[in-house]
Amino acid sequence: MKLKYKLLDKLHNVSNSEMDLLVWAVQHSDETSGTMYGAYYKDYCDEYDRCKQSFYNALYGLADKGIVTFRRNQNDAGTTSDYDITVNDNAYPWKGSSEATYRNEGYVDLASPVFRSGEFKSLKAKEKYLALEFRKRSFETGKGYKHGVRAFYEAWDKTLGVTDRTVRGYIHSLSKVCGFFSVGIKDGFYRITSRICFKKPAKGQEGHRYDQDMYNEQAVRMDLNRNNIKYDKTGFDDTVFLMYQYASAFAQKHADVKTYLSAAIHNSISGHKWRDRSLSAPTIHYHLKAILDGLKDVPETQSAKQNSKSKKNRFNSFSQRDNDYGELESLLLNSTI
DNA sequence: GACCGGTCTAATCGCTTGGT
DNA sequence: ACCAAGCGATTAGACCGGTC
């Protein structure tokens, strides 16, 4: 959910579909690697109401500009395909450590409701870019972004390759139309401050999500896509919820709930034809519980120790690329009913 | 034969600008 | 404030080679 300040320089001339893809990738990415795993073109097209060509244009365009690198993932039959998209130089590999260089690198937090809003999505590409810059600048100085009026126009005209008039139009939509920033001119200076809409909902409030939640959802979405399982929002939410419901139960057995939820999803469509698969959260629940019951208990003392140590990072430690169904299935055979 | 991911291409859209 | 030229961005949909 973090976009490093130092990457903003590259974004002044991206197209709108490229900007959307970048924001989308960051919002669903694993912060320790700066990578969104299992990015599926249809999800992007649904999210931003774009045609599929735009996904490819955006992906290749961002790669050509050196902003992302990507890898295509296909199953053996070539019937499903998705991409891992790494935003270059956007990783926080030692997050939580005392390494000051990584810990202190500034970023725009794309978890803010502003960056998911319809207002933001409907902005022009360069307005989106300015929103990121203004967010950075107003945040960095604390008291708002201050810039002499003439210098302000010269700087942004040059960066964006447009005239004063057009920059004024951008400012207008960011302030008056969207209400993202308060913008005023006083004593020959522009002064721009972020408005309250950037504030994330607190825990317990409507719309609250931890940064990790989008990443967890993406893991489920990837498994559903790869198994060609059709789903609606309710079923999806119910399935994601299983991950939280069973996290500690799996942790007590030294197991990663994500890995086994993935297996349970896979098991849930056993016997269903490729084209006749729709999500059944209760069926997945059943399989997940069966897997849990089949796992060996670990000795009490060890369990308590391991659990307290790993609880906090449980969701961070998931490696999504390690899914080997052959291996998982043999595990299941050995451990379940 | 239906459907999928991905590509190709022509048509259209949208943005910016200079002129009014 | 509005208009229209210029041109890059985006779209729709035909198409290709593959699987179900």
Side-chain angles (χ1 to χ4, degrees), chain A residues 10-25 28 36-85 118-133 152-178 218 221-232 265-266 268-279 321 323 325:
Chain A
K10 297 178 175 178
L11 304 182
H12 63 97
N13 66 343
V14 299
S15 73
N16 212 338
S17 61
E18 288 168 349
M19 183 65 88
D20 288 345
L21 183 65
L22 182 75
V23 169
W24 185 68
H28 294 85
M36 174 179 181
Y37 296 101
Y40 183 43
Y41 80 92
K42 278 186 179 170
D43 290 335
Y44 166 85
C45 295
D46 289 347
E47 178 79 26
Y48 293 99
D49 194 26
R50 292 182 180 284
C51 69
K52 62 179 175 176
Q53 188 62 49
S54 289
F55 173 82
Y56 296 106
N57 289 348
L59 183 62
Y60 301 155
L62 287 175
D64 287 346
K65 288 169 178 155
I67 295 165
V68 305
T69 51
F70 64 86
R71 179 178 65 198
R72 184 182 173 190
N73 305 307
Q74 275 182 286
N75 67 0
D76 290 342
T79 47
T80 64
S81 164
D82 55 46
Y83 294 85
D84 295 343
I85 302 175
E119 288 95 331
F120 183 79
K121 284 178 186 169
S122 60
L123 290 174
K124 296 165 186 174
K126 288 180 180 178
E127 290 169 341
K128 290 174 182 172
Y129 166 75
L130 272 187
L132 295 169
E133 284 283 0
F152 177 90
Y153 281 116
E154 278 166 17
W156 292 114
D157 287 0
K158 186 157 179 282
T159 301
L160 297 171
V162 297
T163 60
D164 287 7
R165 178 170 120 189
T166 305
V167 171
R168 256 190 297 277
Y170 295 160
I171 304 295
H172 182 261
S173 48
L174 290 174
S175 57
K176 295 296 187 309
V177 180
C178 294
Q218 175 55 22
R221 207 174 281 117
M222 179 174 75
D223 284 322
L224 295 175
N225 288 336
R226 289 182 176 183
N227 287 289
N228 201 41
I229 299 171
K230 309 286 178 240
Y231 61 92
D232 60 16
I265 289 171
H266 186 66
S268 76
I269 42 85
S270 148
H272 288 74
K273 286 195 162 51
W274 181 257
R275 280 180 192 147
D276 183 30
R277 295 176 181 178
S278 57
L279 177 60
R321 303 308 311 155
N323 293 356
Y325 287 131

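In what follows, chains are A, B, ... by sequence order, proteins preceding strands, each numbered from 1.
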Length of the CG-P vector between Leu130(A) and dT16(B), whole Å:
11 Å
Under the rule for side-chain contact (heavy atoms from CB on, under 4.5 Å), what residues qualify as partners of Ser122(A), not counting sequence neighbours?
none
In whole angstroms, how far is the P atom of dT11(C) from the CG atom of Asp49(A)?
8 Å
Ser81(A): which residues meet the side-chain hydrogen bond (donor to acceptor under 3.5 Å, both in side chains) condition with it, sequence neighbours left out?
Arg72(A)
note: Leu123(A), atom CG; dC15(B), atom P; distance rounded to Å ~ 11 Å
Suppose we screen for ring pair (Phe, Tyr, Trp, His ring centres under 6.0 Å). Which residues come up paired with Phe120(A), at least two apart in sequence or across chains?
Phe115(A)
Could you write out each protein N or O paired with an N or O of nucleotides 18-20 of chain B at a distance under 3.5 Å?
{"residue": "dG18(B)", "atom": "N7", "partner": "Arg165(A)", "partner atom": "NH1", "Å": "3.3"}
{"residue": "dG18(B)", "atom": "O6", "partner": "Arg165(A)", "partner atom": "NH2", "Å": "2.8"}

Could you tell me which residues satisfy salt bridge (charged side-chain N to carboxylate O under 4.0 Å, His left out) with Glu127(A), sequence neighbours excluded, listed by chain and number?
none
List for me each residue that meets side-chain hydrogen bond (donor to acceptor under 3.5 Å, both in side chains) alongside Lys121(A), sequence neighbours excluded, and say none if there are none.
Glu47(A)
Could you list all N or O pairs between the protein and nucleotides 8-10 of chain C that sit under 3.5 Å apart?
{"residue": "dT10(C)", "atom": "OP1", "partner": "Asn16(A)", "partner atom": "N", "Å": "3.4"}
{"residue": "dT10(C)", "atom": "OP1", "partner": "Ser17(A)", "partner atom": "N", "Å": "3.2"}
{"residue": "dT10(C)", "atom": "OP2", "partner": "Ser15(A)", "partner atom": "OG", "Å": "3.2"}
{"residue": "dT10(C)", "atom": "OP2", "partner": "Ser17(A)", "partner atom": "OG", "Å": "3.0"}

Sorted by chain and number, sequence neighbours left out, side-chain hydrogen bond (donor to acceptor under 3.5 Å, both in side chains) with Asn13(A) holds for none
State yes or no: are the ring centers of Tyr44(A) and Tyr40(A) separated by less than 6.0 Å?
no
Along nucleotides 2-11 of chain B, 5' to 3', which nucleotides get a B, which get an S, and which get a -, given that the test is a protein heavy-atom distance under 4.0 Å?
BS-SBBB---
In chain order, what residues pass the ring pair (Phe, Tyr, Trp, His ring centres under 6.0 Å) check against Tyr231(A), with sequence neighbours excluded?
Phe236(A)
Give every residue pair that meets the salt bridge (charged side-chain N to carboxylate O under 4.0 Å, His left out) criterion with at least one member in residues 52-68 of chain A, sequence neighbours excluded.
Glu18(A)-Lys65(A)
What residues, two or more places apart in sequence or in another chain, satisfy side-chain hydrogen bond (donor to acceptor under 3.5 Å, both in side chains) together with Ser17(A)?
Ser15(A)
